[in-house]
Amino acid sequence: MAREISSVGVIGLGTMGAGIAEVLARSGVSVVAVEIDDDGVHRGRGHLEHSTERAVSGGKLDAAGRSALLDRIRYTTSLAELSDVDLVIEAIPENLEAKSDVFAQLDKITGPETIFVSNTSSLSITEIGVHTARPGKVVGMHFFNPAPILKLVEVVRTVVTEPDVVTDVVAFAERLGKTPVVIGDRAGFIANALLFGYLNHAVRMYEQRYATREDLDAAMRFGCGYPMGPLALLDLIGLDTAYEILDTMYHQSRNRLHAPAPLLKQMITAGLLGRKTGQGFYTYDEPDSPTVTDAVTASTVDTTTTREVRKVGVVGTGTMATGIVEVFAKRGYEVILRARSAEKAAASVARVKKSLDKAVVKGRLSEEDAAAALGRISPAVEFEELADVDLVVEAVAEDLAVKQAVFAALDDVVKPGAVLATTTSSLPVIECAAATSRPSDVVGVHFFNPAPVMKLVEVVSTIATAPDVIATVDAVCAAVGKHPVHCGDRAGFIVNALLFPYLNDAVKMLEAHYAEADDIDTAMKVGCGLPMGPFELLDVVGLDVSLAIQRTLYNEFREEGFAPAPLLEHLVTAGRLGRKTGKGFKDYSAR
């Protein structure tokens, strides 16, 4: 029989504790709020009054509701007044010794059936629980800040937490209007464990000057649909907070990818903590302001010398190739689509026409503009028909030998000074350049699928790429309405190098039985605002494609943490490749 939870103690009335107390009282729960002294009570009461006043002014609460909410909260400086509560939530600062001491005191005050909850975001619930005589009734309940607004609550079970306690706490979280997910007791739980490894990786990229802060952030916003880029998000979280979470994760996991990037420590030492101090990776107009004052909007590429591009060649007939053809044709470029046969070329042009027709139906393109775009496309079979193009984009299969053969053929026929580009997502661009006698003209131009929709293009320069080639590609991107970001020629470029280790970490979390796939997906969507959970995304991308990219990353960087999760390899071996086969991490056969 489920427990009746009608009265709850909240220990600690900082921003998080006060927010939790507000959530509880808004749901009709009686709250006993405990602070260390009268000053703490005064500050906590101020947090609650200010927050609820904002809710009233924002139309989310009326005056009578605010009054009733505040009346349900009783303030005290004595833990003894928690003797009759059904559940206690501890929300004091992240210090294991202090939290353990609080729980040990509560053990002597409360009834034997009272559930003890810690709101820690990174410390071990097991280590806190062993300081009580009731470790089976100790659980984590990690709210996200601001608690009155954010829906996610991570319910953290230890190896000794009683199953009915987990069930009751999940039901209680739902009663509060939250979205609970259940996770085993590991550093970072779900959201932080997956998020902060990704953020740390982005810091390392920036630290190595592999890409600028603007390009790193733009890549993940435009390439993955993330609400914020990694460095801007770190500034929002606070670099000191991020360092503490990463350090805690590293000491539990011993995963080198969780070891805080040295740059983080240097910035913390210099007082550059992010928005709260007015300066972090970006500079803000004042502390706690979201307004960036040192944003770089102009390209960092020297655009004084560019090559003229009027005619474009595209080699390939797949989805990416036809998408790129459409992008250029719609923007007024004459395009030659080269295929291996006249039939394949005609089929590809037909696919472009179908896409253009769909845009007309949706009101995104006029019939005249669609007809004009289609008229600019010329099918071709022989490489010689690309002789006078100014830019050629190779978009054939992700097979290095195939791509090298294409570049060797282009080298023989395309006029001097033309830009030769590959849209590879994972292979070394320099290997394509090496198949030509003009490596300075070769560049990576990685479009994202579907190319007509996605704004991002990763511009990948090799050690041989000429500066005016980069400037030319930048100008072309601007002309076709794309946002270019720049990086060096190494596996994964920006987006895949940041995205796939995160996805791989999610698979490792699942195979270790710390959480279910649906809970992990929910945590990342609800807690971090991502458009898709990791398993949804893996199934869409294709598990075979994901495994190939992960192997490429591991083979290049030789990082133990990049090694593909065995579960991913097993699913691919079994033919469960995601949506395209009907089964992946999830079953789509009945949909």
Side-chain angles (χ1 to χ4, degrees), residues 1-13 16-34 48 51 65 68-74 79 81-92 99 102-103 106-107 109-121 125-126 128-129 132 134-158 160-185 189-191 515-516 518-519 522-523 526-527:
M1 183 174 165
R3 288 174 174 81
E4 179 68 30
I5 300 174
S6 58
S7 61
V8 174
V10 176
I11 304 172
L13 291 176
M16 181 57 80
I20 293 170
E22 181 181 336
V23 169
L24 294 165
R26 188 181 292 218
S27 300
V29 177
S30 296
V31 179
V32 181
V34 186
L48 278 151
S51 176
L69 185 160
L70 294 174
D71 286 346
R72 292 188 192 103
I73 303 172
R74 178 162 59 89
L79 288 175
E81 295 200 37
L82 300 177
S83 59
D84 294 327
V85 298
D86 304 307
L87 180 146
V88 181
I89 300 176
E90 164 275 309
I92 67 174
K99 290 178 186 285
V102 164
F103 275 58
L106 287 173
D107 211 24
I109 293 166
T110 59
E113 291 301 310
T114 301
I115 296 173
F116 291 174
V117 171
S118 175
N119 180 59
T120 180
S121 62
I125 303 298
T126 307
I128 295 170
T132 75
R134 63 185 88 185
K137 291 183 172 58
V138 178
V139 68
M141 201 173 179
H142 178 215
F143 290 79
F144 284 67
N145 198 21
I149 296 171
L150 294 184
K151 292 286 189 184
L152 185 67
V153 171
E154 292 177 320
V155 177
V156 187
R157 52 172 167 74
T158 74
V160 295
T161 304
E162 296 163 10
D164 65 305
V165 169
V166 175
T167 301
D168 290 345
V169 169
V170 166
F172 182 60
E174 290 171 340
R175 179 180 148 198
L176 299 177
K178 298 301 183 183
T179 303
V181 296
V182 179
I183 177 73
D185 186 20
F189 310 140
I190 297 177
E516 298 298 324
D518 285 345
D519 279 349
T522 298
V526 178

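What's counted below: heavy atoms across the whole structure, side chains too, no hydrogens, waters or symmetry copies.
- When all heavy atoms of V31 and A21 are compared, the closest pair comes out as CG2-O, 4.0 Å.
- Side chain of R3 to backbone of I115: no donor-acceptor contact under 3.5 angstrom is found.
- Between I5 and V29 there is no side-chain heavy-atom pair separated by less than 4.5 Å.
- The backbone N or O of S6 sits nowhere less than 3.5 Å from a side-chain atom of E4 that would complete a donor-acceptor pair.
- The shortest non-hydrogen separation linking A25 to R72 is O-NH1, 2.7 Å.
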- Task: Before giving the answer on side chain to side chain contact (heavy atoms under 4.5 Å, CB included), spell out for I20 and M141 the whole-Å C-alpha distance, their side-chain angles and the decisive distance to 0.1 Å.
- Result: CA-CA 11 Å; I20 293 170; M141 201 173 179; over 6 Å; no
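- What you find for L87 and V169 is that their closest heavy atoms are CD1-CG2, 4.5 Å.
- Counting heavy atoms from C-beta on, the side chains of V88 and T114 come closer than 4.5 Å.
- Within the 4.5 Å cutoff, side-chain heavy atoms of V156 are placed close to those of I183.
- Side-chain contact between L79 and V34: present, with at least one pair of heavy atoms (C-beta onward) separated by less than 4.5 Å.
- Under a 3.5 Å cut-off, the side chain of D107 and the backbone N or O of T132 do not form any donor-acceptor pair.
- Within the model, atoms CG of D84 and OG of S30 stand 12.0 Å from one another, a figure rounded to the nearest 0.5 Å.
- Within a 6.0 Å sphere centred on CD of E516, heavy atoms belonging to other residues, nucleotides or ligands number 12 at most.
- Considering CG of L82 and CG of L106, their distance stands at 6.0 Å, rounded to 0.5 Å.
- K178 contributes no side-chain N or O that, together with a main-chain N or O of F172, makes up a donor-acceptor pair within less than 3.5 Å.
- Expressed to the nearest 0.5 Å, how far OG1 of T161 lies from CZ of R134 amounts to 13.5 Å.
- To the nearest 0.5 Å, atom CG of residue D185 and atom CZ of residue R157 are 9.5 Å apart.
- To the nearest 0.5 Å, atom NE2 of residue H142 and atom CG of residue L152 are 8.5 Å apart.
- When all heavy atoms are compared, the tightest approach of T158 to V138 is CG2-O, 4.5 Å.
- With values rounded to the nearest 0.5 angstrom, L13 atom CG is found 12.0 Å from I92 atom CD1.
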- Just do the side chain to side chain contact (heavy atoms under 4.5 Å, CB included) check on V139 and V117 with the steps written out, would you? CA-CA 5 Å; V139 68; V117 171; 3.6 Å; yes
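- The shortest non-hydrogen separation linking F143 to M16 is O-CE, 3.5 Å.
- Judged by distance alone, with hydrogens and angles left aside, the side-chain atoms of K137 form no donor-acceptor pair with the main-chain N or O of F116 at under 3.5 Å.
- Looking at every heavy atom in both residues, P180 comes nearest to A173 through CB-CB, 3.9 Å.
- Formation of a donor-acceptor pair under 3.5 Å by the E154 side chain with backbone atoms of A191 is found in this model.
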- Message: Run L24 and I89 through side chain to side chain contact (heavy atoms under 4.5 Å, CB included) and show every step you take.
- Response: CA-CA 11 Å; L24 294 165; I89 300 176; 4.3 Å; yes
